[in-house]
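Scroll down for the structure; my scribbles are underneath it.
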Amino acid sequence: MGWVAIVGGDHGVVRASLPEASPSSALDAVQPEIGVAVHTPEQHIDSRVLITAFCAGEPVDLTDIPIDTRDVSPFFKKAWEACRSIPSGQTRSYRWLAEQAGNARAARGAGQAMARNKLALLVPCHRVVSSSGELHGFGGAGLPLKSRLLAMELGR
DNA sequence: GAAGAGTTGTACT
DNA sequence: AGTACAACTCTTC
């Protein structure tokens with residue numbers, strides 16, 4: 001898939017980059033959180049293994065990876081957890097996400113949650129689509145990657 | 001299909 | 001508290 005950089009803190013993974021074309025660009029993506037990284041990679045070795053397997057197309061369960069969402073609003077947190085519960089290869093709408101988070105009319109807010117999701121792959125925001133079931137939105141060059149991830153999860 | 005209105009959560013002033 | 005913004009959704013041309 002490419003290069004993925006993950007930043008682990010004492011309370012779980014704090015930041016995970018999207019699959020990038022090179023190691024350096026992946027590192028740039030997590031630059032803001034590099035300050036809280038722990039210097040004991042062994043603590044997050046499992047996370048690394050799982051992500052590696054995931055990118056290889058294996059049906060691993062990324063839900064086991066601990067994520068640090070302490071400084072995130074309750075709504076965002078619920079939206080992310082709902083997102084993590086989406087089975088691999090399946091998709092849900094932003095509206096569905098909003099319902100799980102507590103307010104069915106907050107679809108737009110749910111979109112914000114995904115947009116600011118710092119934990120690429122761990123919170124599979126690529127499985128979230130518009131209510132029409134189409135892949136749209138996703139800022140900039142995210143769409144190609146999104147469809148690639150979905151295709152991979154479907155076993156292709 | 002395209003355009004507009006309705007709603008909500010967050011960040012900033 | 002008030003305002004602007006957003007990876008939304010539903011209703012109407």
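Residue numbers start from 1 in every chain, and the chains themselves are labelled A, B, ... in the order their sequence lines are given, proteins ahead of strands.
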Exercise for review: Output, in order, the C-alpha distance, side-chain angles, deciding distance and verdict of side chain to side chain contact (heavy atoms under 4.5 Å, CB included) for A:E81 and A:V123.
Suggested key: CA-CA 8 Å; A:E81 278 168 27; A:V123 175; over 6 Å; no
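- For the pair A:H136 NE2 and B:dG1 C1', the computed distance is 13 Å after rounding to whole Å.
- At C:dA7, none of the side-chain N or O atoms of A:S130 fall inside 4.0 Å of OP1 or OP2 (strictly under the cut-off).
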Show the distances under 3.5 angstrom between N or O atoms of the protein and N or O atoms of nucleotides 11-13 of chain C.
none

Exercise for review: Give the intermediate values and the outcome of side chain to side chain contact (heavy atoms under 4.5 Å, CB included) for residues A:L121 and A:V4.
Suggested key: CA-CA 10 Å; A:L121 272 37; A:V4 174; 4.2 Å; yes
Point to revise | Pair assignment for DNA chain B - dot-bracket with | for other-strand partners, Watson-Crick or G-U under 3.5 Å | key: ||||||.||||||
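- A:R48 CZ: 12 or fewer foreign heavy atoms inside a 6.0 Å radius.
- By the side chain to side chain contact (heavy atoms under 4.5 Å, CB included) test, A:V128 pairs with A:C83, A:I86, A:Y94, A:L97, A:M114, sequence neighbours left out.
- Both A:L122 and A:L149 are members of a single hydrophobic cluster when ILVMFWY side chains are connected at heavy-atom separations under 4.5 Å.
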Exercise for review: Mind running side chain to side chain contact (heavy atoms under 4.5 Å, CB included) on A:I34 and A:V7 for me, showing each step along the way?
Suggested key: CA-CA 6 Å; A:I34 205 71; A:V7 178; 4.2 Å; yes
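- Closest heavy-atom contact between A:I65 and A:I51: CD1-CG1, 4.0 Å.
- DNA chain C lies under 4.0 Å from at least one heavy atom of each of the following residues of residues 89-102 of chain A: A:S93, A:Y94, A:R95.
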Enumerate the protein-to-nucleotides 1-3 of chain C contacts in which both atoms are nitrogen or oxygen and the separation is below 3.5 Å.
none

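- Residues forming a side chain to side chain contact (heavy atoms under 4.5 Å, CB included) with A:S88 (at least two apart in sequence, or on another chain): A:R127, A:E153.
- Residues that satisfy the side-chain hydrogen bond (donor to acceptor under 3.5 Å, both in side chains) test with A:S132, not counting sequence neighbours, are A:S130.
- Once rounded to the nearest 0.5 Å, the distance linking OG1 of A:T40 with CD1 of A:I45 reads 11.0 Å.
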Review point. Could you walk me through whether A:H126 and A:L145 pass the side chain to side chain contact (heavy atoms under 4.5 Å, CB included) check?
Key: CA-CA 9 Å; A:H126 56 275; A:L145 174 62; over 6 Å; no
Each nucleotide N or O in nucleotides 6-9 of chain B that has a protein N or O under 3.5 Å away: list the pair and distance.
| from | atom 1 | to | atom 2 | distance (Å) |
| --- | --- | --- | --- | --- |
| B:dG6 | O6 | A:R108 | NH1 | 3.1 |
| B:dT8 | O4' | A:R105 | O | 3.4 |

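- A:D46 meets the side-chain hydrogen bond (donor to acceptor under 3.5 Å, both in side chains) test with no other residue; sequence neighbours excluded.
- Contacts of A:Q90 classified as side-chain hydrogen bond (donor to acceptor under 3.5 Å, both in side chains), with partners at least two apart in sequence or in another chain: A:R92.
- Listed by chain and number, the residues in a side chain to side chain contact (heavy atoms under 4.5 Å, CB included) with A:S25 are A:E20, A:S22 (sequence neighbours excluded).
- Every residue two or more places apart in sequence or in another chain that forms a side-chain hydrogen bond (donor to acceptor under 3.5 Å, both in side chains) with A:R95 is listed here: A:E99.
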